[in-house]
Each structure stands twice: as structure tokens, then as C-alpha cells.
Amino acid sequence: MSPKKIIIDTDPGQDDAVAILLALASPEDVELLGITAVAGNVPLPLTARNARIICELAGRTDVPVFAGCDAPLKRKLVTAEHVHGKTGLDGPQLAEPTMPLQDRHAVDFIIDTLRAEPPGTVTLCPIGPLTNIATAMLRAPDIIARIERIVLMGGAYFEVGNITPAAEFNIYVDPEAAEIVFKAGVPLVVMPLDVTHKALTTKARIDAFRALGTKVGDMVAAWTDFFERFDMEKYGSEGAPLHDPCVIAWLIDPHLFKGRHINVEIETVSDLTLGMTVADWWGVTDRAPNATFIGDLHADGFYALLTSRLARL
Ligand code: BDR
Ligand code: CA
């Protein structure tokens with residue numbers, strides 16, 4: 001099979017960085033057409049900077065990076081420096097990127113690419129708030145039917161929330177955008193906290209990154225060390241979840257994951273539960289299924305895949 005053409009829409013973020021590296025390390029499975037940055041974990045200038053740092057780390061300055069929306073559709077931006085640090089990629093000291101940011105707006109790149117490629121051949125991989133994707137759908141509704149699939153990290157059902165008691169960060173930041181994407185009718189695969197909280201780093205898993213003896217291995221180990229401290233304090237878990245790489249891992253080996261095709265709606269009104277993904281896991285409504293909502297993964301298989309692929313960089 002030829003590799004799937006993908007666009008990664010991202011707000012790096014250490015776990016976003018690992019997702020991008022996994023994609024760059026897997027050319028037989030995915031062809032990364034471009035990276036579109038969005039405001040999320042940190043403001044847009046930093047996410048656009050960080051995306052280029054990650055490409056440079058992998059020696060892939062040929063991958064075009066575009067800056068997109070700097071604020072959610074209707075709300076003020078909420079960021080997550082408390083998790084990712086002031087730069088979004090805190091951990092080791094990083095040099096400023098030298099590769100250029102593309103002139104075109106990320107939303108234009110998404111629209112132009114979907115119009116230029118044959119229908120049903122481009123998969124969108126959003127791993128941050130859904131502002132760029134929803135804006136593209138609003139501006140150019142003709143692209144919706146051309147998207148092969150959207151595989152995204154966001155939401156939660158059994159794990160409920162990580163930014164509020166009821167909501168996961170990516171959906172909470174721009175619930176109106178999420179609603180547009182979930183209602184678009186595009187085949188959707190969702191990696192909620194229910195699965196990403198099972199993709200936990202452990203000392204042995206981080207040691208395996210470090211044991212690669214490469215710049216990428218050392219950097220990923222240092223990033224996950226940094227990122228861990230927050231979740232370990234918060235959840236008392238052995239390590240931190242690597243949320244966003246689940247999206248790319250699913251494209252490479254969907255058999256590592258288990259989920260259900262169900263209805264998922266987004267709460268956009270209630271202050272108390274804003275951004276909640278109301279997932280009909282138990283099939284208690286007759287609302288039409290619109291998403292494959294993943295609940296479980298083979299964590300050892302996931303980390304084995306990740307480590308062996310990162311070893312190539
Ligand atoms: C999501 O929020 C961000 O902080 C992470 O990068 C991930 O995409 C997890 O809730
Ligand atoms: Ca992210």
C-alpha cells in the first residue's frame with residue numbers, strides 16, 4: 001500500500017513533537033504534506049516556532065510549516081504552560097529555528113491541498129484545538145467531501161476532563177470548532193483521554209528512548225521527563241501520557257487500538273461542562289454514530305513501535 005497523505009495540525013507541545021517525529025520516521029506509512037500550526041498549548045508564534053524546531057531536529061527542513069489561527073473561533077485563547085512550560089517545548093535549551101515559516105496561511109494550505117489532491121486521499125491529523133480545521137470547513141465547504149478521514153486527539157468519556165472537571169484541553173479551547181468538525185460528516189477517529197491515559201511513559205520506556213544514543217532519542221527522553229512531572233503529581237501515575245502520538249500510531253497500526261463507532265456530541269453552551277465530549281459509549285440514544293471513539297491500546301506494542309521508528313531518525 002502506498003503511504004497515506006497526511007497534514008498534521010498541531011500546537012507543539014512535547015507530545016505533539018513526538019507525534020511529528022513518529023510521522024517523519026514512518027515514510028512507508030505516511031507522507032507528511034505539511035504541518036499547520038494553531039494556537040493552543042502556547043500562543044501561535046511559539047507553536048509555529050516549535051514545529052520548525054522539531055523538523056530541524058529530524059533533519060527535515062523540506063517539510064513546509066504554516067502558521068494558522070491565533071485564537072479560537074469565538075473565545076479567548078486558553079493555554080497550557082502549566083503542563084508544557086513557557087515555550088511549549090520546555091526541557092533542554094533549544095536553538096531558534098532557521099528554516100522559514102511559509103508565507104501562506106495554514107487554512108489556505110489545508111484548503112488548497114484538499115482541492116489539489118484527488119478526493120478521498122488526504123487524512124487530517126489534528127492534535128491541538130480544532131480552529132484551523134473548522135475555519136477551513138467554514139471558508140471552503142467543498143473540501144469537506146474531499147477529506148479521506150480525520151484522526152484527532154481530543155475529548156474524553158470515562159476520563160472526563162484534564163483542563164476542567166468535564167473537558168479535555170483540545171476540545172475545551174475551541175468547542176465551537178470541535179462541534180463543526182464532529183458534525184461535518186467526515187469519517188472520524190478520536191483518541192480521547194480514555195486511551196491516551198493508557199499510553200503512559202515509564203522509566204523503562206524513557207530509558208529506551210535514551211538508549212537509542214541519538215540526538216532525537218535524547219531529546220524525546222528529555223521532553224518526556226519534563227512533561228511527566230506535571231501528570232505524575234496530578235494523577236500519582238508512574239509516568240505521563242503521550243497523547244498525540246496515538247494519532248500517528250493508529251495510522252501506522254490500527255490493530256494496536258480498540259474502540260467503538262458511536263455518536264459523540266460537543267457541549268458548547270453550559271459553563272459547567274463546556275467542551276465536554278458527550279460520547280454515547282453505551283448506545284443509550286438513537287443519535288447516529290459519527291466517530292470511532294478509541295478506548296484502549298496495546299501500550300507495550302505502542303511503545304515498541306514508537307521506539308523502533310524513532311531509532312531511524
Ligand atoms: C492534549 O492537550 C495538549 O496539552 C496535548 O498536547 C494534547 O494534544 C491533551 O489533552
Ligand atoms: Ca497537542
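Counting starts at 1 for both ligands and their atoms, in listed order.
For E148 and K4, the salt-bridge test passes: some basic side-chain N is under 4.0 Å from an acidic carboxylate O. Contact check on E96 versus R52 returns no salt bridge, with no Lys/Arg side-chain nitrogen under 4.0 Å from an Asp/Glu carboxylate oxygen. Using a 4.0 Å cut-off between charged nitrogen and carboxylate oxygen, D296 and R260 do not count as a salt-bridge pair. In summary, R287 and D280 do not engage in a salt bridge, as defined by a charged side-chain N under 4.0 Å from a carboxylate O.
Closest to atom 8 (O) of ligand 1, if we only count protein heavy atoms, is D244 OD1, 2.7 Å. The nearest protein atom to atom 3 (C) of ligand 1, hydrogens excluded, is given as N41 OD1, 3.1 Å; this is a heavy-atom distance. Annotation: atom 6 (O) of ligand 1 to nearest protein heavy atom, D15 OD1, 2.6 Å.
At a cut-off of 3.0 Å, D244 coordinates the Ca ion (ligand 2) through an N, O or S atom. Look at P12 and the Ca ion (ligand 2): no N/O/S atom of the residue is under 3.0 Å from the metal.
Under the rule for a side-chain contact (heavy atoms from CB on, under 4.5 Å), the partners of V83 that lie at least two apart in sequence or sit in another chain are A80, F227, F230.
For ligand 1 and I127, the ligand atoms under 4.0 Å from any heavy atom of the residue are 8 (O). Listed by number with element, the atoms of ligand 1 under 4.0 angstrom from any heavy atom of M153 are 1 (C), 7 (C), 8 (O), 9 (C).
With hydrogens and angles left out, the side-chain atoms of N263 and E265 include a donor and acceptor closer than 3.5 Å. Using a 3.5 Å distance cut-off with no hydrogens or angles, the side chains of T47 and D11 do not pair a donor with an acceptor. Side-chain N/O atoms of N41 and H84 include a donor and acceptor closer than 3.5 Å.
Of all the heavy atoms of N162, the ones lying under 4.0 Å from any atom of ligand 1 belong exclusively to the side chain. Using a 4.0 Å cut-off between heavy atoms, D16 contacts ligand 1 through its side chain alone, with no backbone atom that close.
When only interatomic distances are considered, the shortest N/O to N/O separation between L193 and ligand 1 does not fall below 3.5 Å. Between E168 and ligand 1, an N or O atom pair is found at a separation short of 3.5 Å. Residue-to-ligand polar distances keep H243 apart from ligand 1: every N/O pair is separated by 3.5 Å or more.
Ring geometry, F158 versus W281: the interplanar angle exceeds 60°, so the pair is classed perpendicular (tilted spans 30 to 60°).
When distances from the Ca ion (ligand 2) to the N, O or S atoms of D11 are compared, OD1 comes out shortest.
Note on ligand 1: Q14 sits outside its first shell, no heavy atom being nearer than 4.0 Å.
Expressed to the nearest 10°, the angle at the Ca ion (ligand 2) joining OD1 in D16 with O in I127 is 130°.
Within a 6.0 Å radius of NE2 in H298, other residues, nucleotides and ligands contribute 12 heavy atoms or fewer.
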